[in-house]
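Whatever order the structure lists ligands and atoms in, that order sets their numbers, starting from 1. If you read the sequence from its start, that first residue is 1, and numbering goes on from there. The basis for the numbers below is simple: all heavy atoms, side chains too, and nothing from hydrogens, waters or symmetry mates.
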Amino acid sequence: MAERMVVVGGDAAGMSAASQARRLRGRDDLEIVAFERGHFTSYSACGIPYWVSGLVPGRDQLVARDPATFRDRFDIEVRLRHEVTGIDLDRREVVARDLEGGGEVRAGFDTLVYATGATPIQPGWARGGVAGVFGMQTLDDGTALLDWLEGEPRPRRAVVVGGGYIGVEMAEALLHHGLSVDLVEQADQPMSTVDPDMGELVAEAMRGTGIGIRTGRTVTGLDERDGRIAAVVTDEGPIPADVVVLGLGVRPNTALGEAAGLPVGPSGAIRVDRRMRVPGTPGVYAAGDCVESLHRVSGMPMHIPLGTHANKQGRVAGINIGGGYATFPGVIGTAVTKVCELEVGRTGLRERDAHAAGFEFVTVLAESTNRAGYYPGARPMTVKLIAERPSGRLLGAQIVGWSEAAKRIDALAVALWNNMTVDEMTALDLGYAPPYAPVWDPVLIAARKAVDALAHSGR
Ligand SMILES: Cc1cc2nc3c(=O)[nH]c(=O)nc-3n(C[C@H](O)[C@H](O)[C@H](O)COP(=O)(O)OP(=O)(O)OC[C@H]3O[C@@H](n4cnc5c(N)ncnc54)[C@H](O)[C@@H]3O)c2cc1C
């Protein structure tokens, strides 16, 4: 009899695991069933801001593979609108509720992939179910927001609460959709994934786009009128709103797994080993936004929910389930984003992370341009490096600039991944031509500055 693999959660991690296992195992050998409570599989949540803004014309473009494709090409059965409500590790079976047809389905498994993702953080004041308030995590959330934006009375004023990357991307999306937008952030700068000095550059640029940046403000409640959102109440007074998007970060979606006995690590996410196996539970794997990953610089387990990790982790789980051998080597937290024309990249540790991990370090800020200064379109770019003292090993890097900035972080990520020192980096053979870089690339200028800072740092 064929073995059965059951997947809980039908997006990046879960469906990568399913597809990879199918590539390695014959159809007669392995039956694969995936349960997804939403309306879509293998969709790009990352694309939601560009769909809401109107840049991507339709939702279907964000769906990489639908259930029919999984059935016909991969012999994977996807049960949409089925929410798994229980996992019994002793009986090796899951129970799912059919959200449309009603009733319950039970499915036994030999291997299980727990890939439930994350859920947007909803503070107490957001939990009252006020109409016009949206978290952003799935395509269903994007659909609900667009329906509201296009309904009557037509919303004109948007407030985004939280200035993380999802918050700033959604602020841009709502601006492009034609709304006036305020972004409220409790900290003094948006983008807490970079250090405050770099976050201030983001704030400055956002103000220039017309987005109202209200930092240092705490949201305390919501006001509604006639059953619809009317204002976001802050410690400095109300901000009128016809629509509110929450960008307060996410939590790993662990409740179902924890109830079944899956272990949770210090970061609050499901613990896994290098092969994405859940320790102490034979045949159970977990991957994606619901798990914690080893940070290769701090050595700590961390919850860094990104699509890039979810796809790789799902693939590793699928290879191992398929009978191959693969490991996930950990993360360094590389991420890029843009807000209007401004690009932001980051990798490794911020100053506060480096302090927390006990490193001694120097930091440098290097101001430069994306192209040769004389070449048309040259725009400013700021590179920040954090280097261990006295070794000179790169610990972290951040870039903010107007164009061709974000993906420059990849060179720094490769250097960091390979434990390079800033001294070694100064000699990196990076490409140069006036349309693409000054003769000393901003990355190299920053590395040279870091070498100088280390020389003057007293060791
Ligand atoms: C607006 C936005 C922009 C983003 N931009 C980027 C970006 O630019 N770069 C990047 O790297 N990452 C980005 N991300 C993050 C990225 O989308 C996630 O890291 C990725 O989707 C995680 O994949 P996952 O499969 O682990 O979880 P998810 O994509 O969350 O999928 C989990 C699935 O499980 C389903 N599920 C949960 N519980 C159950 C249950 N009990 N039964 C059945 N189904 C269940 C959910 O409905 C969901 O579809 C963005 C996210 C958002 C929301």
Using a cut-off of under 3.5 Å, which N/O atoms of ligand 1 pair up with protein N/O atoms, and what distance separates each pair?
unit_1: ligand 1; atom_1: 11 (O); unit_2: G307; atom_2: N; d: 3.0
unit_1: ligand 1; atom_1: 11 (O); unit_2: T308; atom_2: N; d: 3.4
unit_1: ligand 1; atom_1: 12 (N); unit_2: G307; atom_2: N; d: 3.0
unit_1: ligand 1; atom_1: 14 (N); unit_2: Y165; atom_2: OH; d: 3.0
unit_1: ligand 1; atom_1: 19 (O); unit_2: D289; atom_2: OD1; d: 2.8
unit_1: ligand 1; atom_1: 19 (O); unit_2: D289; atom_2: OD2; d: 3.1
unit_1: ligand 1; atom_1: 19 (O); unit_2: L306; atom_2: N; d: 3.4
unit_1: ligand 1; atom_1: 19 (O); unit_2: L306; atom_2: O; d: 3.4
unit_1: ligand 1; atom_1: 19 (O); unit_2: G307; atom_2: N; d: 2.9
unit_1: ligand 1; atom_1: 25 (O); unit_2: A12; atom_2: N; d: 3.2
unit_1: ligand 1; atom_1: 25 (O); unit_2: A13; atom_2: N; d: 2.9
unit_1: ligand 1; atom_1: 26 (O); unit_2: D289; atom_2: N; d: 2.8
unit_1: ligand 1; atom_1: 29 (O); unit_2: D11; atom_2: OD2; d: 2.4
unit_1: ligand 1; atom_1: 41 (N); unit_2: V84; atom_2: O; d: 3.0
unit_1: ligand 1; atom_1: 42 (N); unit_2: V84; atom_2: N; d: 2.9
unit_1: ligand 1; atom_1: 44 (N); unit_2: R37; atom_2: N; d: 3.1
unit_1: ligand 1; atom_1: 47 (O); unit_2: E36; atom_2: OE2; d: 2.6
unit_1: ligand 1; atom_1: 49 (O); unit_2: E36; atom_2: OE1; d: 2.8
unit_1: ligand 1; atom_1: 49 (O); unit_2: E36; atom_2: OE2; d: 3.0
unit_1: ligand 1; atom_1: 49 (O); unit_2: Y43; atom_2: OH; d: 2.6

Going by atom types only, do R59 and T143 share a side-chain donor-acceptor pair under 3.5 Å? yes
Are a donor atom and an acceptor atom from the side chains of S16 and N311 found within less than 3.5 Å of each other? yes
Might you work through the side-chain contact (heavy atoms from CB on, under 4.5 Å) test for T234 and I239, ending with a clear yes or no? CA-CA 7 Å; T234 76; I239 307 171; 3.9 Å; yes
Ion pair present between R157 and D242, side-chain N to carboxylate O less than 4.0 angstrom? yes
Looking at E351 and R346, does any basic side-chain N land under 4.0 Å from a carboxylate oxygen? no
Who pairs with D289 by side-chain contact (heavy atoms from CB on, under 4.5 Å), at least two apart in sequence or on another chain? A118, Q137, P305
